[in-house]
Participant: 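Sharing a structure below in C-alpha cells format, with a few things to ask.
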Amino acid sequence: MKQERCVPRHVAIIMDGNGRWAQQRNQLRAVGHRAGLKTVRKIVTYAASIGIKVLTLYAFSSENWKRPPTEVSALISLFIYALKREMKNLNKNNVRLNIIGDISRFSYQLQQMISNAEQLTKNNSGLVLNIAANYGGRWDILQSTKKITTKVLNGEITLDDITEECLGLEMSMHELPDVDLVIRTGGDYRISNFLLWQIAYSELYFTDILWPDFTQALFDEAINVFNTRERRFGGILTQEHSC
Ligand code: FPP
C-alpha cells in the first residue's frame with residue numbers, strides 16, 4: 001500500500017540568490033530582493049495551505065550589515081514595507097508572526113512595528129511564520145548562554161542544573177516543534193550561521209534555483225525528497241520517527 005506523504009511540521013529556508021537573479025537581468029540587487037519578497041508571499045501561502053505548522057525564513061543575517069549601506073538600507077526598507085503591507089493579510093489568514101534575532105540594532109520605529117505585528121497576531125492558530133532578522137545562530141547560542149549565566153550568578157540555578165534542555169529553553173523558537181527540513185536556494189551548500197542549535201537533526205535540502213525563481217512546485221519537490229529520507233535521530237528507525 002502506498003504510504004501517505006508526510007508534510008514536515010517545521011520548514012526553515014535560506015532564501016539565497018536574489019542578487020544574482022537581479023544581476024542576470026542587469027538590474028540592481030534591490031530589484032532581486034523585491035522579486036524575492038514576491039516568492040515569500042507565494043511560499044507562505046502555499047506552506048499554510050498544505051498544513052506546514054511553522055515556517056522560518058532567513059531575511060537578514062547578523063552578517064548582512066557588511067553589505068554596502070545602500071543594500072542594507074534597501075533590505076531594511078523592504079522589511080518595513082512588507083510589515084506594513086502584509087500584516088492585515090497575514091492576520092486575516094490566521095498566521096502568527098514572530099521575529100527572531102537581535103532587533104535592538106533596528107530603529108525604534110521598526111522595533112515598534114515588529115512588536116505591534118507580533119501583538120496583533122499572537123492569538124492566531126494557523127501557520128507560525130518566523131522571520132529571522134539580524135539573526136545569527138551563534139548569537140542565539142550566546143544570548144541563551146548569557147541568560148543561563150545570569151541565573152547562576154543570581155543563585156536561581158546551580159552549574160549542575162545547566163543541561164541541554166535548560167540551554168535549549170532560552171533559544172529562539174524553543175516553544176515550537178524542532179526544524180524538520182532546511183531548504184537553501186541559490187546553489188551553495190552551507191548553513192551561513194542560520195539556525196545552529198535548532199537544526200541538530202534537521203534534513204538539509206539544497207537547490208541551485210535562485211530564490212526569486214523558487215516555486216510551489218519546487219517546494220513540493222523538496223518535501224518529496226524529505227519524504228525519501230530516513231530519520232533516525234541517532235537511534236534506529238521507529239514508527240514514531242518515520243516522518
Ligand atoms: C540572499 O540573497 C537574500 C537575502 C540576504 C535577503 C532575503 C530577503 C528577501 C527574500 C526579501 C525580504 C523578505 C522578507 C521576509 C521581508 P543574496 O543577496 O545573498 O543573493 P546572491 O547570493 O545572489 O548575491
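Whatever order the structure lists ligands and atoms in, that order sets their numbers, starting from 1. Note that the coordinates shown come from a computational prediction; the quantities given were computed from them, not determined experimentally.
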Participant: If you measure only the distance, is there a donor-acceptor pair under 3.5 Å linking the side chains of S104 and D102?
Facilitator: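 A pair is found: one side chain offers a donor N or O, the other an acceptor, under 3.5 Å apart.
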Participant: Return the residue, atom name and 0.1 Å-rounded distance of the protein heavy atom closest to atom 10 (C) of ligand 1.
Facilitator: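 The closest one turns out to be N18 ND2, 3.4 Å.
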Participant: Checking side-chain polar atoms at under 3.5 Å, does Q23 have a donor or acceptor matched by the opposite partner on N26?
Facilitator: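 Short answer, no.
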Participant: Using a 4.0 Å cut-off to any heavy atom of W211, which atoms of ligand 1 qualify?
Facilitator: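 Once the distances to W211 are compared, the set is 10 (C).
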Participant: Please check this pair: side chain of T185 against backbone of D16, looking for a donor-acceptor N/O pair closer than 3.5 Å.
Facilitator: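 Yes: the side chain of T185 pairs with the backbone of D16.
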Participant: Between the side chains of D180 and R231, is the shortest nitrogen-to-carboxylate-oxygen separation below 4.0 Å, so that they form an ion pair?
Facilitator: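 Yes, R231 and D180 are salt-bridged.
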Participant: Any idea which part of W21 is under 4.0 Å from ligand 1, heavy-atom wise: side chain, backbone, both or neither?
Facilitator: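 No part of W21 is near ligand 1 at this cut-off.
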Participant: Only heavy atoms count here, so choose which of E86, R67, E63, R85 is nearest to atom 18 (O) of ligand 1.
Facilitator: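 It is R67 whose heavy atom sits nearest to atom 18 (O) of ligand 1.
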Participant: Say whether G186 and ligand 1 are in contact under the criterion: heavy-atom distance to a ligand atom below 4.0 Å.
Facilitator: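 Judged by the 4.0 Å heavy-atom criterion, G186 does not count as contacting ligand 1.
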Participant: Can you tell me the protein heavy atom closest to atom 20 (O) of ligand 1 and the distance?
Facilitator: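 Protein heavy atom with the smallest distance to atom 20 (O) of ligand 1: G19 N, 3.0 Å.
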Participant: Return the residue, atom name and 0.1 Å-rounded distance of the protein heavy atom closest to atom 14 (C) of ligand 1.
Facilitator: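 Sorting protein heavy atoms by distance from atom 14 (C) of ligand 1 puts L37 CD1, 4.0 Å first.
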Participant: Of the backbone atoms (N, CA, C, O) and the side-chain heavy atoms from C-beta on, which set of R29 has a member under 4.0 Å from an atom of ligand 1: side chain, backbone, both, or neither?
Facilitator: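 Only the side chain of R29 comes within reach of ligand 1.
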Participant: Can a donor-acceptor pair be found between the side chains of N193 and E63 at a distance below 3.5 Å?
Facilitator: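 Yes, E63 and N193 have a side-chain donor paired with an acceptor closer than 3.5 Å.
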Participant: Strictly under 4.0 Å, does any heavy atom of D16 approach an atom of ligand 1?
Facilitator: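 It does; at least one heavy atom falls under 4.0 Å.
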Participant: Using a 4.0 Å cutoff against the non-hydrogen atoms of L75, which atoms of ligand 1 qualify?
Facilitator: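 Answer, ordered by atom number: 6 (C).
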Participant: What protein heavy atom sits nearest atom 12 (C) of ligand 1, and how far off is it?
Facilitator: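 The protein heavy atom lying closest is L78 CD2, 3.8 Å.
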Participant: May I ask you to identify, for N64, whether its side chain, its backbone, both or neither come under 4.0 Å of ligand 1 on a heavy-atom basis?
Facilitator: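 Near ligand 1, N64 shows its side chain, while the N, CA, C and O stay back.
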Participant: Which is it for T39 and ligand 1 at heavy atoms under 4.0 Å: side chain, backbone, both or neither?
Facilitator: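 It is neither part, as no heavy atom is under 4.0 Å.
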Participant: Give the contacting part of L57 toward ligand 1: side chain, backbone, both or neither, where contact means a heavy-atom distance below 4.0 Å.
Facilitator: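 The answer is neither; L57 stays 4.0 Å or more away.
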Participant: Look at atom 15 (C) of ligand 1 and say which protein heavy atom is nearest, naming residue and atom and giving the distance to 0.1 Å.
Facilitator: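 Nearest protein contact, heavy atoms only, for atom 15 (C) of ligand 1 is I131 CD1, 3.7 Å.
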Participant: How far is atom 3 (C) of ligand 1 from the closest protein heavy atom, and which atom is that?
Facilitator: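 For atom 3 (C) of ligand 1, the nearest protein heavy atom comes out as M15 O, 3.1 Å.
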Participant: Ring-plane angle category for Y135 and F194, please: parallel below 30°, perpendicular beyond 60°, tilted otherwise.
Facilitator: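 The arrangement is perpendicular - the two ring planes meet at more than 60°.
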Participant: Answer whether the closest heavy-atom distance between the side chains of P8 and I223 falls below 4.5 Å.
Facilitator: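 Contact flag for P8/I223 side chains = yes.
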Participant: Quiz question: by atom type and distance under 3.5 Å, do the side chains of S192 and R184 form a donor-acceptor pair?
Facilitator: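 S192 vs R184: donor-acceptor pair found between side chains.
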Participant: I need the nearest protein heavy-atom contact for atom 6 (C) of ligand 1: residue, atom name and distance, please.
Facilitator: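 Going by distance alone, atom 6 (C) of ligand 1 is nearest to A59 O, 3.2 Å.
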Participant: Mind listing the closest non-hydrogen atom pair of L196 and G137 along with its distance?
Facilitator: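 Nearest heavy atoms, L196 then G137: CD1-C, 3.7 Å.
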Participant: May I ask you to decide if the ring planes of F219 and F214 are parallel, tilted or perpendicular, using 30° and 60° as cut-offs?
Facilitator: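 The arrangement is tilted - the two ring planes meet at 30° to 60°.
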Participant: Cut-off 3.5 Å, side chains only: do H33 and E71 have a donor facing an acceptor?
Facilitator: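 Side-chain D/A pair, H33 to E71: present.
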